[in-house]
Number of protein chains: 2
Amino acid sequence: MSIINNINKAFDHRIRLGIMSILMVNDYADFNMLKELLGATDGNIASHTKSLEKAEYIKVEKQFIGKKPNTRYYATKLGKLEFKKHINALEKLIGKQ
Amino acid sequence: MSIINNINKAFDHRIRLGIMSILMVNDYADFNMLKELLGATDGNIASHTKSLEKAEYIKVEKQFIGKKPNTRYYATKLGKLEFKKHINALEKLIGKQ
DNA sequence: TAAAGTACTTTGAAAAACAAAGTAAGTTAA
DNA sequence: TTAACTTACTTTGTTTTTCAAAGTACTTTA
């Protein structure tokens, strides 16, 4: 077992790390909130949320607010659990410095 | 300025994070040490060390130990500084959880 | 002296990241 | 009222990165 064994590949990118961090402290976030908070492009947010969705770490809800489409992202129970594990692994790795 | 602004892209991969962590606590590490500690393949170690070297975050020294070639990796002053910044940014981001 | 091992490096395919362009609806302004 | 613009994404295709298998240049062992 290597020292990076519990680093989860799914979170191993700054944008996905950012998305998860946001969804851990906020109940949900919508597309534009993620986009602004992370300073990423539309395509970027779309692909990273898609990969987290595929892993079932976040879920997506589409609705209309007034007449505007709105996409909300939530961390799933699994996502929260795995992210905590990831953080612990990160802290273990970098905590020594 | 986004919340992931100080996350350094150069360290934004578990293997490179691992390499730097190792080189922060150990004065140096050689190829096989990195390989074993990280459980990565040869090609993997080679390419990730190369990218860190290109960024001048680590330096490489090649020598012979007895008759065997041996490659040692050291973190540079810049590398240590930038890695600390990266860790601080990471902790700021995930510390809220 | 042939086969196996060591310590890397090179290569090329596969996957991931990215931004520009596209889509579909709503809004505003002339 | 219709053309131009905005919003909220999605799709597309190129570029970049990741990866492991194969290659290289020795050395060691049988």
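Order of the sequence lines sets the chain letters (A, B, ...), proteins ahead of strands, with each chain counted from 1. On a predicted model such as this, the values are computed, not experimentally measured, just so you know.
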For this session: Run the numbers on A/N6 and A/N88 for side chain to side chain contact (heavy atoms under 4.5 Å, CB included), then give the verdict.
Result: CA-CA 8 Å; A/N6 292 310; A/N88 286 336; over 6 Å; no
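- To the nearest angstrom, C1' of D/dT18 lies 15 Å from CG of B/L38.
- No contact: B/D30 has no heavy atom under 4.0 Å from any strand.
- A/I15 comes within contact range of the sugar-phosphate backbone alone, with a heavy-atom separation under 4.0 Å but no base atom that close.
- Look at A/H13 and you won't find any side-chain N or O under 4.0 angstrom from OP1 or OP2 of D/dT17.
- Because its NZ or CZ atom is both nearer than 6.0 Å to the ring centre of A/Y28 and within 45° of the ring axis, A/R72 counts as a cation-pi partner of that residue.
- Put simply, the residue from A/L93, A/I4, A/I3 that forms a side-chain contact (heavy atoms from CB on, under 4.5 Å) with B/I22 is A/I3.
- Spacing between atom CD1 of B/I45 and atom C1' of D/dT18 amounts to 13 Å, rounded to whole angstrom units.
- Residue B/K67 places its side chain closer to D/dT27 than to any other of D/dT27, D/dA8, D/dA20.
- An OP1 or OP2 oxygen of D/dC19 is reached within less than 4.0 angstrom by a side-chain nitrogen or oxygen of B/R14.
- Two residues, B/N70 and A/D12, neighbour DNA chain C, and the one matched to the more 5' nucleotide by heavy-atom proximity is B/N70.
- Along DNA chain C, the nucleotide nearest B/T71 and the nucleotide nearest A/S51 are compared for position; the residue whose nucleotide lies closer to the 5' end is B/T71.
- At least one donor-acceptor pair under 3.5 Å links the side chain of B/H86 to the backbone N or O of B/N8.
- B/K35 comes within 4.0 angstrom of no nucleic acid atom, judged by non-hydrogen atoms across all strands.
- Between B/D42 and B/K68, the residue anchored nearer the 5' end of DNA chain D, judged by the nucleotide with its closest heavy atom, is B/D42.
- Contact annotation: B/N44 does not reach the phosphate of D/dT18 (side-chain N/O to OP1 or OP2, under 4.0 Å).
- Side-chain N or O atoms of A/N44 include none that pairs as donor or acceptor with a backbone N or O of A/A40 at under 3.5 Å.
- Looking at B/R14 and A/D12, a side-chain N of the basic residue comes within less than 4.0 Å of a carboxylate O on the acidic one, giving a salt bridge.
- For the pair B/K85 and B/E82, the salt-bridge criterion is met [side-chain N within less than 4.0 Å of a carboxylate O].
- Nucleotides of DNA chain C lying under 4.0 Å from heavy atoms of chain A occupy a range whose first and last members, 5' to 3', are C/dA17 to C/dG26.
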